S.K.: 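My questions will all concern the structure given below.
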Amino acid sequence: MVGEEGAFVLGWDEVLTEEELSMTLKVLCMSEEEFKEYKEQDGWEDDSEEEENSTLSNEALSRLKSPCKKLLYDSVLLTLESYRADLKAEQDLLNNKEAYEKLSRREQQALHVRYGQKRILHQLLELVQ
């Protein structure tokens with residue numbers, strides 16, 4: 001469901017791997033009984049048309065059912081814990097011109113990427129709280 005990367009791609013306005021995230025949330029939030037029933041009824045194919053017409057925009061994420069929100073919230077927290085520094089530390093480094101200029105070009109680019117990733121993750125936390 002998640003693909004080879006084992007990750008979902010989030011943008012500022014929506015989930016870019018929405019089909020994978022939607023299906024993963026659906027399955028992980030099912031009880032064992034619901035999953036067995038869903039699988040027995042070939043539910044996988046029945047939902048494909050419904051899911052093609054839905055998008056996981058930020059607005060849609062904020063309207064998810066509580067179990068899905070909790071799952072996403074906890075997943076985002078785990079992802080944020082995998083970074084060495086928090087969002088504020090990255091922002092402070094970006095704002096400190098002297099320290100920023102001491103970084104190599106590659107380190108500066110990596111800083112911008114990490115900072116952007118963390119901002120998107122923090123936005124997702126707010127949406128699913």
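Sequence positions, counted from 1, serve as the residue numbers for this chain. The shown structure was predicted, so the numbers you read here are calculated from the model rather than taken from an experiment.
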S.K.: Do Leu125 and His122 have side chains that approach each other closer than 4.5 Å (heavy atoms only, starting at C-beta)?
M.R.: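 They are in contact (side-chain heavy atoms under 4.5 Å apart), so the answer is yes.
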S.K.: So how far is it from Leu78 CG to Leu121 CG, rounded to the nearest 0.5 Å?
M.R.: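 Answer for the CG-CG pair, Leu78 versus Leu121, is 11.5 Å.
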S.K.: What pair of heavy atoms forms the shortest contact from Val128 to Leu61, and how long is it?
M.R.: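 Taking Val128 first and Leu61 second, the nearest heavy atoms are CG1-O, 4.0 Å.
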S.K.: Between CG of Asp86 and CD of Gln91, what distance do you get to the nearest 0.5 Å?
M.R.: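 Those atoms lie 10.0 Å apart.
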S.K.: Are any non-hydrogen side-chain atoms of Leu80 and Leu87 less than 4.5 angstrom apart?
M.R.: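 No - every pair of side-chain heavy atoms lies 4.5 Å or more apart.
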S.K.: For Gln117 versus Tyr83, what's the shortest heavy-atom pair and its separation?
M.R.: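 In this case the closest contact between Gln117 and Tyr83 is OE1-OH, 2.8 Å.
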S.K.: Measuring from Met30:CE to Lys36:NZ, what's the distance to the nearest 0.5 Å?
M.R.: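 NZ of Lys36 is found 13.5 Å from CE of Met30.
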S.K.: Atom CD in Gln129, atom OG in Ser62: separation rounded to 0.5 Å?
M.R.: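 The CD atom of Gln129 sits 12.0 Å away from the OG atom of Ser62.
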S.K.: Identify the two heavy atoms, one from Cys68 and one from Cys29, that lie closest to each other, and give their separation to 0.1 Å.
M.R.: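 That would be SG-SG, 3.1 Å.
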S.K.: Where do Leu94 and His112 land on the side chain to side chain contact (heavy atoms under 4.5 Å, CB included) test, with the steps shown first?
M.R.: CA-CA 8 Å; Leu94 282 167; His112 284 281; 3.5 Å; yes
S.K.: Specify the closest pair of heavy atoms between Tyr100 and Gln108, including all atoms of both residues, with the distance to one decimal.
M.R.: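 Scanning both residues completely, I find the closest heavy atoms to be O-NE2, 3.0 Å.
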S.K.: For the pair Asn96 (side chain) and Asp92 (backbone), establish whether a donor and an acceptor sit closer than 3.5 Å, ignoring hydrogens and angles.
M.R.: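 Between the backbone of Asp92 and the side chain of Asn96 there is no qualifying donor-acceptor contact (under 3.5 Å).
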S.K.: Would you say Leu25 and Leu21 make side-chain contact, with heavy atoms under 4.5 Å?
M.R.: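 In short, these two side chains touch, coming nearer than 4.5 Å.
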S.K.: Hey, could you give me the OG1/CG distance between Thr79 and Asp74, rounded to the nearest 0.5 Å?
M.R.: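 It comes to 10.5 Å.
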S.K.: Between the main-chain N or O of Phe8 and the side-chain N or O of Thr17, is there a donor-acceptor pair closer than 3.5 Å?
M.R.: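 Here the side-chain-to-backbone pair does not exist.
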S.K.: Can you tell me if Glu34 has over 12 outside heavy atoms packed within less than 6.0 Å of its CD?
M.R.: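 Yes, CD of Glu34 has more than 12 neighbouring heavy atoms, counting only those of other groups under 6.0 Å.
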S.K.: Would a 4.5 Å heavy-atom cut-off, applied to side chains only, mark Leu93 and Leu103 as touching?
M.R.: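 A side-chain contact under 4.5 Å exists here.
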S.K.: State whether the side chain of Glu90 and the backbone N or O of Leu111 hold a donor-acceptor pair below 3.5 Å, judged by distance alone.
M.R.: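 No, Glu90 side chain to Leu111 backbone: no donor-acceptor pair under 3.5 Å.
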S.K.: Is there a continuous path of hydrophobic side-chain contacts, each under 4.5 Å between heavy atoms, that joins Leu16 to Met23?
M.R.: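 No; tracing contacts between hydrophobic side chains, which count when under 4.5 Å, never links both residues.
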S.K.: Give, for atom NZ of Lys118 and atom NZ of Lys88, the distance between the pair rounded to the nearest 0.5 Å.
M.R.: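 The NZ atom of Lys118 sits 13.0 Å away from the NZ atom of Lys88.
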S.K.: According to a 4.5 Å side-chain heavy-atom criterion applied to Ile, Leu, Val, Met, Phe, Trp and Tyr, with indirect links allowed, do Val9 and Val113 form part of one hydrophobic cluster?
M.R.: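 No, because Val9 and Val113 fall into different hydrophobic clusters, even though each may have its own neighbours under 4.5 Å.
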S.K.: Judged by atom type as modelled, is there a donor-acceptor pair below 3.5 Å linking the side chain of Ser22 to the main-chain atoms of Glu19?
M.R.: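 No; zero donor-acceptor contacts below 3.5 Å.
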